[in-house]
Each structure stands twice: as C-alpha cells, then as structure tokens.
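Below is one structure, written out as structure tokens, with a few remarks after it.
All ligand and atom numbering here is 1-based and tracks the order in the structure. Hydrogens, waters and symmetry mates play no part in the numbers below; they use all other heavy atoms, side chains included.
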Amino acid sequence: MPPITPDTPIQFLKGVGEGRARLLRDQGIETVRDLFWFFPIRYEDRRHPARIADLGRSIDIPVLIRGRIVSAAARVSPVKRLRLFEAVLDDGTGSVKLIWFNQPYLADQIKRGDRLAIYGAPRINGFGPLTLESPDWEKFEGDEEEEGAIVPIYSKLGNISPKAFRKLMAGARETLPQLEDPLPPALRERLGVGELADSLRQLHQPKALSEEFLRQRSAAHLRVILQEFFTFQLALRVRRASEETQKKSRAIEISEELREEVKSILPFKLTGAQKRVLREIADDLRSERPMYRLLQGDVGSGKTIVALIAAMILIRNGYQVALLAPTEILVEQHFQRIRQLVDHSVVVARATGSMTAGERRTLLAGLRDGYIQLAIGTHALLEDKVQFKSLGLAIVDEQHRFGVEQRQKLFAKGAMPDILVMTATPIPRSLALAIYGDLELSVIDELPPGRQKIKTALRDAQAVDKVYDFIDSQIDDGAQAYIVYPIIEESEKLNLKPLTHGFEQIRERFPDRRVAMLHGRMKSDEKEETMQRFKRGEIDILVATTVIEVGIDVPNASIMLIVDADRFGLSQLHQLRGRIGRGERKSYCILLQGAKVSNETRDRLVAFEKSRDGFEVAEQDLQIRGPGEFLGTRQSGAMRFRMGHILRDYDLMEEARDLSIAVVAEDLPTAESTAHALLGLPVPAATSRD
Ligand code: ADP
Ligand code: MG
C-alpha cells in the first residue's frame, strides 16, 4: 500500500473501515486533508486532574477527575419513572456520585473496577453527596499515554468515539509535513498569519492551553479563521469580478410613456424610501453590469410594488421577468394582487408544483416563445425544463428561504439577468456586507403612512380564557383573527397534532364563529380556497402554522394570537406580527407563553413585547441565536465555517473582505487561482485574460 499523504482518500487511513468512511464522508471528510478541518470541541488538561478531596463546595465549575469506578447500577427513579444509571467514582482522595438519565445501556459500558476520566460540574443536593450529572466520560483501557497530556476532545461521530477519533487524527498528523499551504507566503504575510501545517498541529495537539487559545483566538486559530473567511470573501469577489467583465447586451430605456403607465397603475403614492430604492434599482437596470441587489425592508414596508415597477421596466423594454416566492400561497397572493394592478396590460402566469400537466405545457411553451411576460412561481420555476425566451430580471421574494444555488440557477436561465433579492429579515448592515459581500444593498426604512400601531401583549397560558373573550369581542366588532401554533413548516417530520387539536379546541370555544385551518400540507387548491375565503371575510378565525408567516396580506385581520410563543425565534415572531396592523383597525398581537419558560426566555419575550422595529428585533435575535440559525439553515450553507464565528470574529471578516478586494483589484487571474487553491478545486488551466 502506498504511504498516506494529505490527499489519500479517507477510507485508506488506518482505523477507518467502510462504515467509518461513510460516516466521515457524511461530514464532508473525503480525504486525510479534510480530517484536519474537523476540530476538537474542547481540550482536557489531563496533566492536572482535580483531587476530589480538594473540590470542597466549588460546585458548578466543570472539572476533570480521574479515578476508579467502585460501584455502578441502573435503577428506575420513582419520580417521573426516569431510568437512571448511577456510579461512584473514587480517586483515592475521596469519591463522587455520577448520574446519567435515560441511558440504561451505560450499564454495559461502565463497570465496577473501570478506570475513567470524568469531565463535568459537581453539584450538591441538600445533604447528599457531591454529584456530577451526565458528565462526559472516557475509559482508560490500559493505554496510559494520554494521561499527563493535553487531550483534544472531538465530538462523537456515530460509533466513532472521541478517543477513536483521536487515534485516527494521530495517524493523519503524520502527513502534516507534506501538507502544502494554499495561502502563498505573500498573502500569509499580509494577513499576518503563520503556516497552515503548524497551526493545524497546534490545534490538534496543543502543548499548552493559554487563555487566548481557549478563547479560540490564538495565532493558530486566527490562521484557520482567516483562511475560512478569506476563502469565502475571495470566492465571492472573484465570481463578481468575472461577471463584471461581461456586459449585459440589453439597453434599458425608461421612457415618458412608461413613467405614465407606472403612475397610472399605482394605487397610492410611493414613500420617500420606496422612491429612493427604485432610483437605485433603475440605475442598476440601465447600467452595463448585471444587477445583484438585496432589497431589505421591514414587513409591510411595501417591497412588492417596488418589485413590480422594476418588472414593468424590463417588460416594456421587451424582456421577461421571473418572480420567485417561497410558498404557493404567496405565489397566489402576488398573482392576484399584481393582476389587479396591471389588469390585462401584462401577460402574467403562475408556476407551482401543483400545476396540471396541461397547465405546465402551456406555461413552458409560453415562457419559451416569450408570450408570458411575467412568471410568478415557487421553486417550480427553477426546474431545468423551464426555459425563457429572454429573461431579463429575476426577483426573489423573502430570500431567507432560498439558498445560494437556487439564485445561481435563476441566473443561468437568462442572458445575464438582473437579480433582485428581497428580504424582510433585517440583517444589520455591517453583517449584511460581510455576509453578502457580493450584493449591493438597498433599504426601505420607512413604512407607508397611516399604519396602525400594533399592541403586543405577553400573557401566561392560564390567561387564555380572558384572551379568548377579548378575541370574541373584537370579532363582534368585525375583526378577523389568526391563531398560530408553533409548527415549523420547514421541518421534515411535520407533526400536525398540536394544530388539529388546537383547531378542535377553538371550534369548541367559538361555536358561533367561522373557524378554518391552514397548513402547508393541505392541497394547494384547498389552501388557496381557504385564504381567499379569509380575505373575503368569510372566515373569522384562521388557525394556522407558520405558513402565514411570509407575506400574507389581509388588512381586515387585526388579531394575532401566537400559542407557545416561546418556541419561536424573535425574528419569526416579528414576521408573524407583521401580518396584522395592515388596515384601519387597531391591531393586537398576543403572545401566549408556555407553562415552563426560563427567565431568559421570558426576558426575551418581554423585550419583544416592547420592540416595534425589525432591526432591533433582529439584533437581539442575532445575539441570542447566532447567525447561522438566525439566517435560516438553508441559507447558511455557504457560510458554514468550521472555526470562525461571524459575530465573535467580525473583525477578521472585515480584514478578509478588505484583503480580498485588494487582491482581486491587483490581479484577477492570480486571485482566481488562489481562490481555486483555497477551495480545493482544480486551478483553472487558462487563467489569462486581457
Ligand atoms: P412587504 O414589504 O412586507 O412585502 P407589501 O409589499 O406586501 O410589504 O406591502 C404591504 C402593504 O402596504 C400592501 O397592502 C401594499 O399595498 C401597501 N403599500 C405599499 N406601499 C404603499 C404606499 N406607498 N402607500 C400605501 N400603501 C402601501
Ligand atoms: Mg412581501
């Protein structure tokens, strides 16, 4: 067998069989080189285990203890019938009790006489013994080589224990001297970082644990984080730069006639912010570079009309426009609203997954021969079969539901179409620039006049009867209500029970009201029918999931009751709240909090109760949940950094951004091959360009 190198496929590493190779590949680890980017989740300093006798009452601080198991037994606790596994660990100076919950199989793994290293926070309950609940544990099986060292702890991967993972890594580390550095010395110097192999060795086998190291800001950490961020930024810039070298072939004109037409379809005066943003977009549409613009505006700020006007500009210049929305309900709503505005002056078509074969044929033909001028659709628009005669502009609504690849698919459907991405998730500007380094940013920071203030109120679940009484009186007054249950539609295994149960409850409580249910798994014509009836005022209470979160517009609906509000993220609550306060009526958003919420959650909801501005909410949410989750998993794909944190390491992201801009400006072909090397892609053969 040839000696292993960083490029050796992972299945040839010693200790990796077929099963493990599959597990590792699922984590994106294809070669030995990839393994190095799987970092320890923490380190244990086994040079200095704590002595149990010294622990005293220093409780709640995690410590490492090494000792021998003197007793171990599984039992069922009478309280709540929990299955417990309990053991006593003795280190020669004293003993501690260990408890694990609902892991009865531990009885086969931890036995009297075993030597264990334990890591966890000791607690004292009343006069009971010092106890560690669900500590991390690892067994010594005679190989003492790791005692007295700093030990990296990797997260458990399937049946690969942290310890087994360490063994794999030790084998891989032997190839480190052969690992070439994808950052050339000149760039390393400009970033002020050291060599990759050195840094990786320190991260996987540290000699000391300094304070900086533990904060993940040691020189070795900085090297890895900067490489991640720089790779990301450079890839964005290189792509953007090569797009810029190509020119759009369309010449867009905004004639006096077009202006008049737009004016005639507008049912209201645009706000100042809408006008400003439209100017920015119109400039992009007329420029030679394809537009790539992110339009941010809080819920209800009026993004749709801006998109429609942009669409009109392209259509009257002879091009087609695609409008992508995340749900069929939203497609339908855009379709109805836009049809109402443009009447028959524009040929508008819908594209959804539930089209009949005949509808589909008509659509495909109409798009191909250019008869259809505006196509409004879900992901169905992205299918390969969908071809446009002359797609000039693609608009993506509520983009936090779309991934980068989908954006690129759209781009491929036209000859350098302009792209406008609209979102109500108000990412703080600085963060947006760091993340979407390749997008221009427009912000609608003003709501249309005459908006009703929304009163937000947080109530305990016990107060639900009073809340129902209030809703009843509002309906007497002619209002309509949403009642939302915490069922996140994006999840794969959608459990609708809480919703159907809630629906029955509401029907019982409101026997004289017209109550209907709405969720994503209903047939699309059923969904549509329900929405239309709600819009026409034929339904008083709509019991729904988060399908209504995005973009639904029913001005007469002025009540929103959110059940178990603590189970939603703040930005999501804000989105939901944005569904009301759209008409003449005073609007109320009532958050019911579950029976057992932590103080922290409660504080969060109280803060939300007081806030009105989406940016404020986003900022809070970002702090609480971190950017990955905040932005939605689908979108964070491009930003799954192994070591870097966008918030914590924001300074490094800026540094990476600045350097990548400079590098691309200096010499694009070199920047291109650097980007390829960093991404682990084959370096393009012909990088020359005049
Ligand atoms: P969002 O930005 O959340 O997508 P919409 O485009 O759905 O917001 O607009 C919300 C509501 O505000 C719609 O009913 C729309 O007709 C209305 N609207 C938009 N712009 C204005 C304006 N300038 N003046 C009055 N109403 C407006
Ligand atoms: Mg919208």
Inset, instruction - Consider only side-chain N and O atoms of Q593 and D564, and report whether a donor and an acceptor are under 3.5 Å apart. - result: no
Inset, instruction - For S354 and E328, test the side chains for any donor-to-acceptor distance below 3.5 angstrom and give the result as yes or no. - result: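 Their side chains do contain a donor-acceptor pair, which is all the 3.5 Å distance test asks for.
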Legend entry - Whether R337 lies under 4.0 Å from ligand 1, heavy atom: yes
Inset, instruction - Considering only NZ, NE, NH1 and NH2 on the basic side and carboxylate oxygens on the acidic side, decide whether R513 and D476 come within less than 4.0 Å. - result: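 A salt bridge is present here (some side-chain N lies under 4.0 Å from a carboxylate O).
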Inset, instruction - May I ask you to decide whether E440 forms a salt bridge with R289, counting only side-chain N to carboxylate O separations under 4.0 Å? - result: yes
Legend entry - Proximity of D553 to ligand 1 by residue part, where a heavy atom lies under 4.0 Å: side chain
Check each atom of ligand 1 against the heavy atoms of [X] and keep those under 4.0 Å away; list them by number with element.
{"X": "G300", "result": "1 (P), 2 (O), 3 (O), 8 (O), 10 (C)"}
{"X": "K269", "result": "22 (C), 23 (N), 24 (N)"}
{"X": "T304", "result": "4 (O), 5 (P), 6 (O), 7 (O)"}
{"X": "S301", "result": "2 (O), 8 (O)"}
{"X": "T271", "result": "23 (N)"}

Inset, instruction - Over all heavy atoms of both residues, which pair between A380 and T352 is shortest? Give the atoms and the distance, please. - result: CB-C, 3.7 Å
Inset, instruction - Check whether NZ of the Lys or CZ of the Arg R509 lies under 6.0 Å from the centre of the six-membered ring of Y468 and within 45 degrees of that ring's axis. - result: no
Legend entry - Within 45° cone and under 6.0 Å: R459 NZ/CZ vs F470 ring: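 No; the conditions do not both hold, so R459 does not lie above the ring face of F470.
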Legend entry - Nitrogen or oxygen atoms of G302 and ligand 1 under 3.5 Å apart: yes
Inset, instruction - Compute the shortest N/O to N/O distance between L270 and ligand 1 and return yes if it is under 3.5 Å, no if not. - result: no
